[in-house]
Amino acid sequence: MWPGNPFRHPAWLAAHTEILEPELRVERWGNDPHDQAVTAHAVGGPLRLAGDRLSDRLDPPLEALLRAAERAEARDQPLRLRRLPLTTADSLARKLGADRATVTDVAASPTVRFAASTWEEYLARPEARRSRRIAAQAERTLAEPSVRVEVASDPDTVFDALEELVRLHHLRFKDRSEVFTEEKHATIAAAAMVMSDDDAASIRTLLIDDQPVAAVFLLAGEGATWFHQTGWDPAFADRSVGRAILVDAMRDACEQGRDFHLLTGDHEYKQWWATDDQPVATVELTRW
């Protein structure tokens, strides 16, 4: 199992900087691939964390972030560090001083903390009435004889499963989503192929009568499963297949003793499940 933040997996960073943003110049500091600081910049652009366009939470050591600030200042570059945990962003801003750094773009990042609880214990919480109802409906769908869940978790299966997820995503969101533009699609596909070999990427697909109707792309690391993207066929909306595959993924994470990160965004459906929030923020150097 990949032990670090999956958004800092070498394959994720390589795909990001080779496919999505090939103009980036990348710097890696430190010898530990799980903990090294990775920054990038385009010529004339701000120095920033590599991978932050497709990430949820990047948390290099504070010392590394201070070194990034020094590099930006020495080059007379702006500095923009996105998707840092709010506590890290606040610490960095305090270290640099209010005249140099500003914390902006604070966003919710809901998380389900399973700790040592079972799925049944999690659903039995007094405040979980709505999630209990949704989970019960999902379990009825998952128990139907015509329904099954396939898990693609190795390089031989994850590519085809991702293609199916992308098809379902476009069916669900049509032109409202820019998640799977050609470049982003290629970036995620290249990363997932390698990361699945480290148990750091997988796709769960819900099938009805052998027809894929919903899928979810998951990353794994740091003792958690990270919800990344999903898609489902609106023709099966009456069977709540999107909720069913999400419940299946969360229950699996709980049974494996992992937390479940719902990623950035204060969407109502995330609040139905979350037990905790780990806000993320941007730090910008504003003065020199």
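Nothing here was measured: the structure is a model prediction, and the numbers come from that model. Quick note: numbers below take in every heavy atom, side chains included, and nothing from hydrogens, waters or symmetry partners.
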In terms of heavy-atom contacts, Leu206 and Val147 come closest through CD1-CG1, 3.2 Å
What one should report as the nearest heavy-atom pair of Val103 and Ala89 is CG2-O, 3.8 Å
I need the [X] [atom1] to [Y] [atom2] distance, nearest 0.5 Å.
X	Y	atom1	atom2	result
Trp226	Arg57	CH2	CZ	5.0 Å
Arg100	Leu92	CZ	CG	9.0 Å
Gln271	Leu262	CD	CG	8.5 Å
Leu81	Leu47	CG	CG	7.0 Å
Asp233	Arg239	CG	CZ	11.5 Å

message = Show, in sequence, the C-alpha distance, side-chain angles and deciding distance for Phe114 and Tyr122, and conclude whether the ring-ring contact (aromatic ring centres under 6.0 Å, His included) test is met.
response = CA-CA 7 Å; Phe114 287 121; Tyr122 162 72; 5.0 Å; yes
[X] atom [atom1]: more than 12 heavy-atom contacts under 6.0 Å:
X	atom1	answer
Glu178	CD	no
Arg25	CZ	no
Glu182	CD	no
Phe159	CZ	no
Arg80	CZ	no

For [Y], is there any backbone N or O sitting under 3.5 Å from a side-chain donor or acceptor partner on [X]?
X	Y	value
His261	Leu263	no
Asp154	Thr157	yes
Asp209	Gln211	no
Thr181	Lys184	yes
Asp198	Ala200	no
Thr230	Ala215	yes
Ser177	Phe173	no

Can you say whether the rings of Tyr269 and Trp272 are parallel (under 30°), tilted (30 to 60°) or perpendicular (over 60°)? perpendicular
Review point. Would you call the rings of Trp12 and His228 parallel, tilted or perpendicular if under 30° counts as parallel and over 60° as perpendicular?
Key: perpendicular
Let me check something: do Ile245 and Ile134 share a hydrophobic cluster, defined by ILVMFWY side-chain heavy atoms less than 4.5 Å apart, either directly or through other members? yes
Requested in this report: Output yes when Asp248 and Arg204 qualify as a salt bridge under the 4.0 Å nitrogen-oxygen rule, no when they do not.
Outcome: yes
Using 4.0 Å as the upper bound for N to carboxylate O, is an ion pair formed by Arg148 and Glu150?
yes
Pair Glu163-His185, side-chain donor/acceptor within less than 3.5 Å: yes
Scan side-chain atoms only and decide if Ser109 and Asp56 contain a donor-acceptor pair under the 3.5 Å cut-off. yes
Only one of Asp59, Thr264, Thr111 passes side chain to side chain donor-acceptor pair (under 3.5 Å) with Gln278, and that residue is Thr111
Check step by step if salt bridge (charged side-chain N to carboxylate O under 4.0 Å, His left out) holds for Arg75 and Glu27.
CA-CA 14 Å; Arg75 295 171 179 168; Glu27 295 179 79; 3.1 Å; yes
